[in-house]
Amino acid sequence: MFGPPGAGKSFGVQQVAQVALGRRPEVLEFNLSQFTALADLTAAFHLVRDRAVRGEVPLVFFDEFDSPFGGDLGWLRYFLAPMQDGSFREGGHPHPLGAAIFVFAGGTRASFAEFAAPMDRPDHPDRARFVAAKGPDFASRLRGYVDILGPDPTGPDDRLFLIRRAFLLRALLQRHHPSLASRDHFNLEDGVLDALLTVPAYRHGVRSMEAVLAMSTLAGRGRFGAADLPPPAQLSLHVDTEAFMARVMGERLSDDQRSRLGQLLHEVYRRQRQAIAETDEECRALLHDTSMRDWPELHAEFRESNCRQADDIPRKLRLIGCFMSADGGDMVPVTHFTAAELTLLAELEHERWNAERLQSQWRLDARDTAQHTSAFLIPWRDLAPKWRSLDQAMVAAIPHILQTERFRVFRAG
């Protein structure tokens, strides 16, 4: 396993093993950068052998296996026999290890490609040293590798860092703060969740994410709010405090704000319906249904639906690596989403609307708002393009309607 410091290599091993075993595994973990003599590694092999003798198949994690020992990559040669033959030597005598799973985590190379570069490139300046250190022999005994990207963006096009952070955050909360769990989710204020997922960087990777949670006052709490966060001086050890707190405070909508944004979204909806009706007879016939009324005359159910759409804006923004805030510092506000982002957000909005209607006992049938039936309670892929344009218009308007409440949209990366 390779990755930058703090990428979460040990965490990743434990999570995969937990899924495979159905329980949290007991890992034998050794950090080779702390070993000072070959006897230290031999003692580690004996511990592995003890587990095997008891009938276990131990999971052994050798951290920083690429540390120097009498030279660069000096430990590699001592793993060749254990990996190939399942044995090690002590005092000139071989000792069987038994069955075991060895996981090696790199501490000085961020990827397997970087580790293997001297082997793959004949003109590499370190090729001779790599061969002398038995690098090719070690690589030939591996049965797989994983490059761990870590919780921070790897570049401007990396949007999956949000998903990586979400996995990490959920696992850390499950392990250390189970009191925050409520059925199938954890109770975090939106602002806190937004900050944890979209802060530009964690100074020390996963260790910093874990430290922020550890420093927060969460013992026995049922909800993680802004008041539970550590003081700014402590936060600054692990994140950019100003950027973090801007996200914490940036997306709270008061009742008045959600109502005003809901009204603006309703107007976007009406304009798009009218635009479709100019060229579409079917839509023209629906222009006078109850969902098209002015805001003061609109049924309370439809007003609340628009307000819930406003409530969902922060979640949608998180899923494309953005956030809303009244102050983005030196960051440039986002005024338009990309075509791919618009499609994703529009589909998310349709899914949200579907879930909301079904929860309110609406049924699939010809459109009749009085009877709570709709022909649009279908998957996004089955919507006609003209009806997809409704959702696309709604999400395209997000940066503009937020400005009325002095919010701006910013990219997290």
Side-chain angles (χ1 to χ4, degrees), residues 190 251-317 319 324 326 336-337 342-380 382-409:
D190 282 346
E251 63 169 45
R252 297 180 179 179
L253 296 177
S254 66
D255 289 343
D256 288 342
Q257 285 175 325
R258 71 190 295 268
S259 179
R260 288 193 293 268
L261 291 175
Q263 184 173 352
L264 291 172
L265 287 168
H266 179 60
E267 292 306 315
V268 173
Y269 169 81
R270 293 211 306 173
R271 286 198 301 271
Q272 186 63 20
R273 283 277 301 271
Q274 290 163 353
I276 298 173
E278 292 178 4
T279 58
D280 188 279
E281 185 175 347
E282 179 189 4
C283 191
R284 195 176 306 126
L286 298 174
L287 281 179
H288 301 293
D289 68 26
T290 54
S291 68
M292 290 291 288
R293 292 177 179 172
D294 290 338
W295 184 259
E297 286 77 41
L298 193 64
H299 191 279
E301 179 183 14
F302 297 135
R303 287 204 302 271
E304 178 59 20
S305 179
N306 283 285
C307 292
R308 288 180 180 177
Q309 187 176 351
D311 291 336
D312 196 54
I313 288 175
R315 181 185 73 94
K316 289 191 180 75
L317 293 178
L319 293 176
M324 52 183 270
H336 296 87
F337 299 125
L342 279 177
T343 299
L344 172 63
L345 294 178
E347 184 172 358
L348 290 171
E349 172 52 29
H350 183 67
E351 290 175 353
R352 184 206 64 81
W353 180 89
N354 265 348
E356 177 188 286
R357 288 292 191 268
L358 291 171
Q359 191 175 29
S360 299
Q361 306 302 309
W362 281 61
R363 294 174 292 107
L364 178 64
D365 208 334
R367 183 177 175 84
D368 186 334
T369 56
Q371 296 298 319
H372 278 195
T373 59
S374 173
F376 306 132
L377 287 169
I378 56 177
W380 168 261
D382 297 331
L383 279 179
K386 63 185 177 185
W387 300 121
R388 288 187 179 188
S389 72
L390 266 177
D391 291 314
Q392 289 166 340
M394 304 292 279
V395 296
I398 287 174
H400 309 292
I401 66 170
L402 286 177
Q403 290 186 35
T404 65
E405 298 299 324
R406 302 183 182 278
F407 286 117
R408 298 290 188 274
V409 175

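FYI, the numbering just counts along the sequence from 1.
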Nearest 0.5 Å, please: how far is [atom2] in [Y] from [atom1] in [X]?
X      : Y      : atom1 : atom2 : result
Arg270 : His266 : CZ    : NE2   : 4.5 Å
Gln371 : Arg363 : CD    : CZ    : 7.0 Å
Ile313 : Arg308 : CD1   : CZ    : 15.0 Å
Met292 : Phe302 : CE    : CZ    : 12.0 Å
Trp380 : Thr343 : CH2   : OG1   : 6.5 Å
Leu317 : Leu345 : CG    : CG    : 7.5 Å

Minimum heavy-atom separation for [X] and [Y], please, with both atom names.
X      : Y      : answer
Ala366 : Thr373 : O-OG1, 2.7 Å
Ser259 : Trp295 : O-CZ2, 3.8 Å
Pro314 : Ala310 : CD-O, 3.9 Å
Ile276 : Ser389 : CD1-OG, 3.5 Å
His372 : Glu301 : NE2-OE1, 3.0 Å

If the condition is salt bridge (charged side-chain N to carboxylate O under 4.0 Å, His left out), which residues does Glu356 pass it with, not counting sequence neighbours?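 Salt bridge (charged side-chain N to carboxylate O under 4.0 Å, His left out) check on Glu356 returns Arg352.
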
Would you give me the side-chain donor-acceptor pairs under 3.5 Å for residues 390-408, sequence neighbours excluded?
{"from": "Thr404", "atom 1": "OG1", "to": "Ile401", "atom 2": "O", "distance (Å)": "2.5"}
{"from": "Glu405", "atom 1": "OE1", "to": "Arg260", "atom 2": "NH2", "distance (Å)": "3.0"}
{"from": "Glu405", "atom 1": "OE2", "to": "Arg260", "atom 2": "NE", "distance (Å)": "2.8"}

Salt bridge check: are Arg315 and Asp190 linked by an N-O gap of less than 4.0 Å?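 No, no charged N to carboxylate O under 4.0 Å.
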
When you check the gap from the basic side-chain N to the acidic O, do Arg258 and Glu304 get nearer than 4.0 Å?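 Result for this pair is yes, salt bridge flagged.
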
Residues which pass ring-ring contact (aromatic ring centres under 6.0 Å, His included) with His299, listed by chain and number, not counting sequence neighbours: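 ring-ring contact (aromatic ring centres under 6.0 Å, His included) check on His299 returns nothing, list empty.
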
Please step through side-chain contact (heavy atoms from CB on, under 4.5 Å) for the pair Gln274 and Tyr269, ending with a clear verdict. CA-CA 9 Å; Gln274 290 163 353; Tyr269 169 81; over 6 Å; no

CA sep, side-chain torsions, deciding dist, call: Thr290, Thr369, side chain to side chain donor-acceptor pair (under 3.5 Å): CA-CA 7 Å; Thr290 54; Thr369 56; 2.7 Å; yes

Is a donor on one side and an acceptor on the other found under 3.5 Å between the side chain of Ser374 and the backbone of Phe376?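 Present.
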
